[in-house]
Every structure is written in structure tokens, then in C-alpha cells.
Amino acid sequence: MAGEGDSEPRKSFKLLGFLDVQSVPCARESVLYGSLGSLVVGLGHFLATSRVRRSCDFAVGGFISTMLGYWFYCRYNLAQQRIRQRMLKEGMKNRMLFEGSYLDPEKNQTGNERSDS
């Protein structure tokens, strides 16, 4: 089957010679949304004004603004997700640590149970 036992490492695509699109989180999506944004902005400006050079300038601006906008949005969401994962991991560690002890939050003890022990 395809993909099984491939000993060749996957080739990475470097944008501008330094941005490895496959290994950097959010890079691939940012470039794709940026290219779509440049197409929409450039074509829209060309249809509105029929000025080719100015439309290309707007397309480049649309690419940069869309790419950076989505980059920051994606990185912000990634940071939030990592914080939630860290909190969940800490909570699971605490649950394993406190399970069965008197500090266990799931153990509902009443006043009568405490005096019996």
C-alpha cells in the first residue's frame, strides 16, 4: 500500500528560503488563505477599476494582510489550545494523585461519615 514502509523522508517546502511550511504550525493554512485573499482583492480591484498595475499592488497587499491576519488568528488559537491541554494534563495528574484520599473532590463526605472514620 502507498505510504507503508517508506524510508524516504518527506521533502519540505521552504517559502522565501526560510519558512518551512510543513513543520511550522499555521504556515500552510496562512499561505493558502493569503493566496486566496490576494486573488479576491486583486481581481475585485481589477473588475472595479480596470487598472492592471494598481490591481497587482492591491493583490500583494491583500496577500500580506490576509496571510498575517490568519497567521495571528491561528497562532492565538494554538496558544489557547496548548494552555487548555496543559491545564487538563495537570488536572489529570492531580486526580491520579488525590484519588481515594480525603482530598478527592469527587468523594462526597458528609459530617456523619467523617465522625465514623
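Bear in mind the structure is a predicted one, so any value in this text is a computation, not a measurement.
Taking SG from Cys26 and CE from Met67, the interatomic distance works out to 12.0 Å, rounded to the nearest 0.5 Å. Distance check: Asn77 CG to Phe72 CZ gives 13.5 Å after rounding to the nearest 0.5 Å.
In the hydrophobic clustering of ILVMFWY residues, with side-chain heavy atoms under 4.5 Å counting as a link, Phe58 and Leu39 come out apart. A single hydrophobic cluster is seen to contain both Val31 and Val60, as judged by linkage of ILVMFWY side chains at heavy-atom distances under 4.5 Å, directly or through other members.
In terms of heavy atoms, Val52 sits closest to Phe46 at CG2-CE1, 3.6 Å. Ala59 and Ser38 make their closest contact through O-CB, 3.1 Å (heavy atoms, listed as atom of the first residue, atom of the second, distance).
No more than 12 heavy-atom neighbours from other residues, nucleotides or ligands sit within 6.0 angstrom of CZ on Arg51.
Looking at heavy atoms from C-beta onward, Thr49 lies out of side-chain contact with Arg54 at the 4.5 angstrom threshold.
The side-chain hydrogen bond (donor to acceptor under 3.5 Å, both in side chains) pairs that include a residue from residues 79-88 are Tyr76-Gln80, where partners are two or more places apart or lie in different chains.
For Ser55, the side chain to side chain donor-acceptor pair (under 3.5 Å) criterion is met by His45, not counting sequence neighbours. When the side-chain contact (heavy atoms from CB on, under 4.5 Å) test is applied to Tyr33, the partners found at least two apart in sequence or on another chain are Glu29, Thr66, Tyr70.
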